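Below, read A as the first sequence line, B as the second, and so on, with proteins coming before strands; counting in each chain starts at 1. No experiment lies behind these values; they were computed from the predicted model shown.
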Number of protein chains: 2
Amino acid sequence: MHDLGLRDRKKRRTREAITEAAFALFQRSGFDSVAVADVAAAAEVSKPTLFAYFPTKEDLVLRRFLDDDPGPAHVVRGRPSGMSALRALRQDFLDRLAQRDPLTGLNDTPPATTFHSLLYSTPTLMTRLTSYLLERERDLAEALLTSGGVSDAFTARIVAAEVFGAQRILAEHNAQDIRAGHSADDTYPAAVTRTETAYDLLENGLDTRAAS
Amino acid sequence: MHDLGLRDRKKRRTREAITEAAFALFQRSGFDSVAVADVAAAAEVSKPTLFAYFPTKEDLVLRRFLDDDPGPAHVVRGRPSGMSALRALRQDFLDRLAQRDPLTGLNDTPPATTFHSLLYSTPTLMTRLTSYLLERERDLAEALLTSGGVSDAFTARIVAAEVFGAQRILAEHNAQDIRAGHSADDTYPAAVTRTETAYDLLENGLDTRAAS
DNA sequence: TAGTATGGTTAACCAGGTTAAGATTTTCCT
DNA sequence: AGGAAAATCTTAACCTGGTTAACCATACTA
């Protein structure tokens, strides 16, 4: 009758203990200054157990926010008929801004802020995040192709790369505003404007000027 | 009178010995199966010396091809007056295709082919390459801003991200064709077409279709 | 030719990550 | 309820990428 057995409940608790210990330590001393052995000790777990839950040190930080993100491929596949893929992605990003999704950068509450400050101050975290995004970019390309958003595989890959490029810059810009001290509510209008600008550029063309 | 002293000549020889040893070993056994200690031994150099020349194991492979690449920022700054930044970048990529620049993926001669097969079969190499590209993307954004290609910093970052996104997909596609057994000369026309397509999408807009 | 900087070597170390063996605990079946 | 089977955890040792310190050798410079 129980949804989760005792075993799975324990696993969930251990996992949470590890991420909590990790975030606490990383926030205090910085990502690089904390050894995974310290995290394991703080979570009262052995080192191999920690690595059974999280494949790398970086995942201690990233998985917490990436795990429950369905990703843009899901958005494209689930878009209402009659809507273009690019429109659906734009709308999805705007929705996530409104919801203060940490992955848009526009979130000023503690777990997300430490996430971002760790992220943008630790190259290896940025790097690992980028790997994840590249995976999802491939998923998006496939979704574009199979759900009829685009004519051929090459165009699908290009479009997917452009969308991820834009979202990356948008998120970075938002997070930067938050880290500069602005509240999420105050930045929201500007964030929306930037999103519209970015997607307008994608839809209508970049149009750079001539040299002086 | 001598351009390089004996000391510098020795340094150049040591550096070359290291990269050559690295490429030979990596090509035979794969990047991950070879320890840097093996490379050092094969190059008849100690491990700390190796790391004095190359900051990481990945750089043993990447620096060889990245070192002499001026990067897109240079292209934008040096473009003829009257030409848009995007046009200059498109033309530069086409020029590099014609020259069979390994960084375009369109090169089927031994040092470049092993470079690509290592790259696309070794996630950590891809990852490190991406870090390099992100640096240059920032440079490009700055060049776009200061050389008047674009109106504001935000747009500059977006455009830079889009350009790098496109070039990454183009290079990957070309390298894939080469690895599939096609010669560079045979693939060249298709590579040109893809380049034009990609830059047309950037200039004129992506225009994805509605859902079915 | 003497002194100094530079680049090299050895040896030891650190941190991330893995592996094998054995102990412990939940589950599940009868 | 009892006990075999399966899953999880621990310990201890190991591997590899990368760094540090102390010391040696060689090229440059006065």
*asked:* Need one value for B:Tyr53: base, sugar-phosphate or nothing, where a base atom within 4.0 Å counts as base even if backbone is also close, heavy atoms only.
replied: sugar-phosphate
*asked:* Any salt bridge linking B:Asp177 with B:Arg194? Criterion: basic side-chain nitrogen under 4.0 Å from a carboxylate oxygen.
replied: yes
*asked:* Please report the distance, rounded to the nearest Å, between CZ in B:Phe26 and C1' in D:dT16.
replied: 12 Å
*Can you establish whether the number of heavy atoms outside A:Glu142 located under 6.0 Å from its atom CD is more than 12?*
no
*When the distance from CZ of B:Arg9 to P of D:dT26 is rounded to whole Å, what number comes out?*
16 Å
*If we only count heavy atoms from C-beta on, is the A:Leu119 to A:Val61 side-chain gap below 4.5 Å?*
no
*Which of residues 123-132 of chain A have a heavy atom under 4.0 Å from DNA chain C?*
none
*Take the protein atom CG of B:Leu25 and the nucleotide atom P of D:dT16, then report the distance between them rounded to whole Å.*
14 Å
*If you measure from the Lys or Arg side-chain nitrogens to the Asp or Glu carboxylate oxygens, is any gap between A:Glu172 and B:Arg138 under 4.0 Å?*
yes
*Which whole-number value in Å describes the distance from A:Glu58 CD to C:dG16 P?*
9 Å
*Going by an N to O cut-off under 4.0 Å, is there a salt bridge joining B:Arg12 and B:Asp8?*
no
*Separation of atom CZ in B:Arg15 from atom P in C:dG8, rounded to whole Å*: 12 Å
*Are any of A:Lys10's side-chain N or O atoms less than 4.0 Å away from OP1 or OP2 of C:dT26?*
yes
*Basic-acidic side-chain contact under 4.0 Å: B:Glu137, A:Arg168*: yes
*Reckon A:Lys11 has a side-chain N or O less than 4.0 Å from the OP1 or OP2 of D:dT8?*
yes
*Can A:Arg100 and A:Asp185 be counted as an ion pair, charged N to O under 4.0 angstrom?*
yes
*Hey, can you pull the residues of residues 34-52 of chain B with a non-hydrogen atom under 4.0 angstrom from DNA chain D?*
B:Val34, B:Ala35, B:Val36, B:Lys47, B:Pro48, B:Phe51
*Nearest-Å distance for atom pair CG/C1', residues A:Asp8 and D:dA6*: 13 Å
*asked:* Nearest whole Å is fine: how far is C:dG16 P from A:Asp59 CG?
replied: 14 Å
*asked:* Looking only at the side chains, is there a donor atom on one of A:Gln91 and A:Asp95 sitting less than 3.5 Å from an acceptor on the other?
replied: yes
*Gap between atoms CZ and P, on A:Phe54 and C:dA15 respectively (whole Å)*: 21 Å
_No-hydrogen, no-angle side-chain donor-acceptor test under 3.5 Å, A:Thr49 and A:Ser46_ = yes
